[in-house]
Colleague: 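I have a structure I would like to understand better, so I am pasting it below and will then ask my questions one at a time.
We name chains A, B, ... by the order of the sequence lines, and we start the count at 1 in each one.
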Amino acid sequence: MHLQRQESTYVDALPNEVNPKTGRIHTQYMQAVAATGRLSSNNPNLQNIPIRTKRGQEVRKSFIPRDENHVLLAADYSQIELRIIAALSKEENMINAFKNGEDIHASTAARVFDVPLDEVTREQRSNAKTVNFGIIYGVSAFGLSNQTDLTRGEAKELIDTYYETYPKLKAFMSAQVDFAREHGYVETVLKRRRYLKDINSRNAMVRNGAERNAVNAPIQGSAADIIKLAMINIHKRFEEENFQSKMLLQVHDELVFDAHKEELEIIKPIIKFEMENAFKLTVPLDVEVGLGENWLEAH
DNA sequence: TCAATCACG
DNA sequence: ACGTACGTGATTGAA
């Protein structure tokens, strides 16, 4: 029933958002709301359309191309934030994993649990995945133990081993905090700043929060910079070549297009190229492109 | 009006 | 010793 009430947010509300003139739903993108430089979406928010549950997926299926001559094309960056932290920290163990096209969570699991790659268990990969994400947010042993089946002690050990495996990651994180203490802000690859007024707070909880921001903001914000560059370049090329296909949505690391079937073979490589080459890191960016008769299928 | 909850990356 | 994972928006119900 929580489920039904929550999804009535979508099932009841979205039909009322259809513009009578266009017959479509139009969201509004805010460029100066998110502290990290991400876009946000409102009226209605199309960046939080369900996907994780069966029921939610039914909602996502209702997003369809404009007519039978089009399909939806979804292009997603794969692990962009981990690639960015690998590149910015110059952590070679992680950079090489990406260069070799490895499954980063399995690769991390193999290293931290000291087992061959092909012997990584599901649980090991899952725990490594949780740490990989947690590291970007500044997770503690307590937080990690809450997110996994690990005890607090096991979580602490895992985090310690993680930093031994990727030593430059830890150095990078400390350097970000030091930079913030000295300058009062941190910055993204395109020099977008996030000011952190609490970085020198005497209140430890407040200060710790700002320190997590000092690490996270350049990562999340650089990903936002990169996809924005890609959007600009893709829009330019679509205009130059007079494509009928249109860019519809941005969902942080994903772009969704209403793609004309006859243009597919031309625009697919253009989209992939512009996204993967929007900004040069020392780590390759990887974009997965999917097609479908609806937004769910396109993934 | 605001905190809690839940949707997404 | 302390509290404990980043960034958003919409809905709901208590104050």
Side-chain angles (χ1 to χ4, degrees), chain A residues 1-14 16-17 25 27-60 63 74-82 84-85 127 129-148 150 152 155-156 158-159 162 173 176-177 186 188 192 194 196 198 201-228 249-256 288 295-296 299:
Chain A
M1 26 189 129
H2 302 292
L3 292 175
Q4 295 204 342
R5 189 181 309 154
Q6 193 60 33
E7 287 176 9
S8 72
T9 299
Y10 303 99
V11 177
D12 294 340
L14 286 175
N16 299 324
E17 298 285 349
I25 295 173
T27 186
Q28 182 176 26
Y29 283 109
M30 309 303 287
Q31 295 226 58
V33 170
T36 55
R38 274 188 171 186
L39 300 183
S40 80
S41 158
N42 64 23
N43 300 303
N45 184 357
L46 295 186
Q47 289 181 324
N48 71 343
I49 300 302
I51 193 170
R52 291 170 191 169
T53 67
K54 264 277 153 55
R55 224 186 127 73
Q57 291 182 355
E58 293 302 314
V59 174
R60 191 164 278 243
F63 289 79
D76 283 80
Y77 281 108
S78 163
Q79 307 297 348
I80 188 168
E81 293 190 350
L82 276 178
I84 289 169
I85 200 171
N127 285 334
K129 182 177 179 178
T130 306
V131 187
N132 272 333
F133 280 110
I135 254 30
I136 292 171
Y137 304 144
V139 75
S140 64
F142 178 89
L144 182 62
S145 65
N146 280 344
Q147 286 299 119
T148 60
L150 302 175
R152 216 165 131 178
K156 183 185 181 319
L158 178 52
I159 291 174
Y162 187 91
M173 294 167 73
Q176 290 302 304
V177 172
V186 288
T188 65
R192 178 194 305 277
R194 177 169 183 180
L196 298 168
D198 295 326
S201 170
R202 269 72 67 200
N203 180 325
M205 193 169 66
V206 171
R207 188 177 63 249
N208 289 342
E211 289 176 355
R212 291 194 295 273
N213 293 155
V215 174
N216 175 263
I219 306 303
Q220 190 178 117
S222 294
D225 288 348
I226 291 171
I227 195 169
K228 284 177 176 178
L249 296 173
Q250 188 255 43
V251 192
H252 310 305
D253 64 354
E254 169 187 12
L255 297 177
V256 182
E288 292 176 358
W295 195 4
L296 182 67
H299 273 277

Colleague: Starting from P on dG9(B), measure out to CG on Asn216(A) and report it in whole angstrom.
Modeller: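 That distance rounds to 16 Å.
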Colleague: Whole-Å distance between dG9(C) P and Met30(A) CE?
Modeller: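 Value for this atom pair: 8 Å.
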Colleague: Quick one: does Gln47(A) reach the base of dC8(B) with a side-chain donor-acceptor pair under 3.5 Å?
Modeller: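 Not at all, since no donor on one side and acceptor on the other fall under 3.5 Å apart.
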Colleague: Can you check the Asp253(A) CG to dG7(C) C1' distance for me, whole Å?
Modeller: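 Those two atoms, CG and C1', are 13 Å apart.
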Colleague: Any chance you could measure Arg60(A), atom CZ, to Arg52(A), atom CZ, to the nearest 0.5 Å?
Modeller: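 Arg60(A) atom CZ to Arg52(A) atom CZ measures 9.5 Å (nearest 0.5 Å).
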Colleague: Can you tell me the pairing partner of dC2(C) across any strand shown, Watson-Crick or G-U wobble, with both distances under 3.5 angstrom?
Modeller: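 Per the H-bond distance test, none.
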Colleague: Would you say dG7(C) has OP1 or OP2 under 4.0 Å from some side-chain N or O of Asn213(A)?
Modeller: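 So the side-chain polar atoms of Asn213(A) do come within 4.0 Å of the phosphate oxygens OP1 or OP2 of dG7(C), strictly under.
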Colleague: About how many Å separate CD1 of Ile226(A) and CG of Asp253(A), when rounded to the nearest 0.5 Å?
Modeller: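 Answer for the CG-CD1 pair, Asp253(A) versus Ile226(A), is 11.5 Å.
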Colleague: Is there, by distance only and without an angle test, a donor paired with an acceptor across the side chain of Arg212(A) and the base of dT4(C) below 3.5 Å?
Modeller: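 For Arg212(A), whose side chain was compared with the base of dT4(C), there is no donor-acceptor pair (under 3.5 Å).
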Colleague: Can you tell me how far apart CD (Glu17(A)) and OH (Tyr10(A)) are? Round to the nearest 0.5 Å.
Modeller: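 That separation rounds to 12.5 Å.
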Colleague: Quick one: do the Gln250(A) and Gln47(A) side chains pair a donor with an acceptor below 3.5 Å?
Modeller: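 There is such a pair (donor and acceptor under 3.5 Å, judged by atom type) between the side chains of Gln250(A) and Gln47(A).
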Colleague: With a 4.0 Å cutoff (strictly under), does any side-chain N or O of Arg38(A) reach OP1 or OP2 of dG9(B)?
Modeller: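 Result: no.
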Colleague: Any base atoms under 4.0 Å from Tyr10(A), or only sugar-phosphate, or nothing? Heavy atoms, all strands.
Modeller: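 Answer is sugar-phosphate: Tyr10(A) comes under 4.0 Å of backbone atoms only.
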Colleague: Between His252(A) (NE2) and dA7(B) (C1'), how many Å, whole number?
Modeller: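 These atoms are roughly 11 Å apart.
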Colleague: Give one of base, sugar-phosphate or nothing for Ala204(A), where a contact means two heavy atoms less than 4.0 Å apart.
Modeller: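 It contacts nothing in the nucleic acid.
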Colleague: Do Val139(A) and Val131(A) pass the side-chain contact (heavy atoms from CB on, under 4.5 Å) test, and can you show the C-alpha distance, the side-chain angles, and the key distance before you say yes or no?
Modeller: CA-CA 8 Å; Val139(A) 75; Val131(A) 187; 5.6 Å; no
Colleague: Just to confirm, is there a sub-4.0 Å distance from OP1 or OP2 of dG3(C) to any side-chain nitrogen or oxygen of Arg207(A)?
Modeller: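 Result: no.
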Colleague: Return the value, rounded to whole Å, for the distance between atom CG of Asn43(A) and atom P of dT8(C).
Modeller: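 Answer to the nearest Å: 17 Å.
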Colleague: In whole angstrom, give the distance that lies between atom OH of Tyr77(A) and atom P of dC8(B).
Modeller: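 Checked: the OH to P distance equals 23 Å.
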Colleague: What contact category does Ala35(A) fall into here, base, sugar-phosphate, or nothing, at under 4.0 angstrom with non-hydrogen atoms?
Modeller: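 Sugar-phosphate only.
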Colleague: In this structure, how many angstroms lie between the P atom of dC6(C) and the CD atom of Glu81(A), rounded?
Modeller: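 Those two atoms, CD and P, are 13 Å apart.
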Colleague: What distance separates Leu144(A) CG from Tyr162(A) OH, expressed to the nearest 0.5 Å?
Modeller: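 One finds 11.0 Å between CG of Leu144(A) and OH of Tyr162(A).
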Colleague: What's the CD1-C1' distance between Ile84(A) and dG9(B), to the nearest Å?
Modeller: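 Going from CD1 in Ile84(A) over to C1' in dG9(B) covers 13 Å.
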Colleague: Using the P atom in both, what is the distance from dT4(C) to dA3(B), to the nearest Å?
Modeller: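 dT4(C) and dA3(B) have their P atoms separated by 16 Å.
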Colleague: Under the 3.5 Å rule, do the base of dT4(C) and the side chain of Ser140(A) count as making a donor-acceptor pair?
Modeller: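 Yes, a donor-acceptor pair under 3.5 Å.
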Colleague: For dA7(B) and Thr9(A) - does any side-chain N or O of the residue sit under 4.0 Å from the phosphate oxygens OP1/OP2?
Modeller: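 No, no such contact exists.
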Colleague: Between dC6(B) and dA1(C), how far apart are the P atoms? Round to whole Å, please.
Modeller: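 The same atom, P, in both gives a distance of 35 Å.
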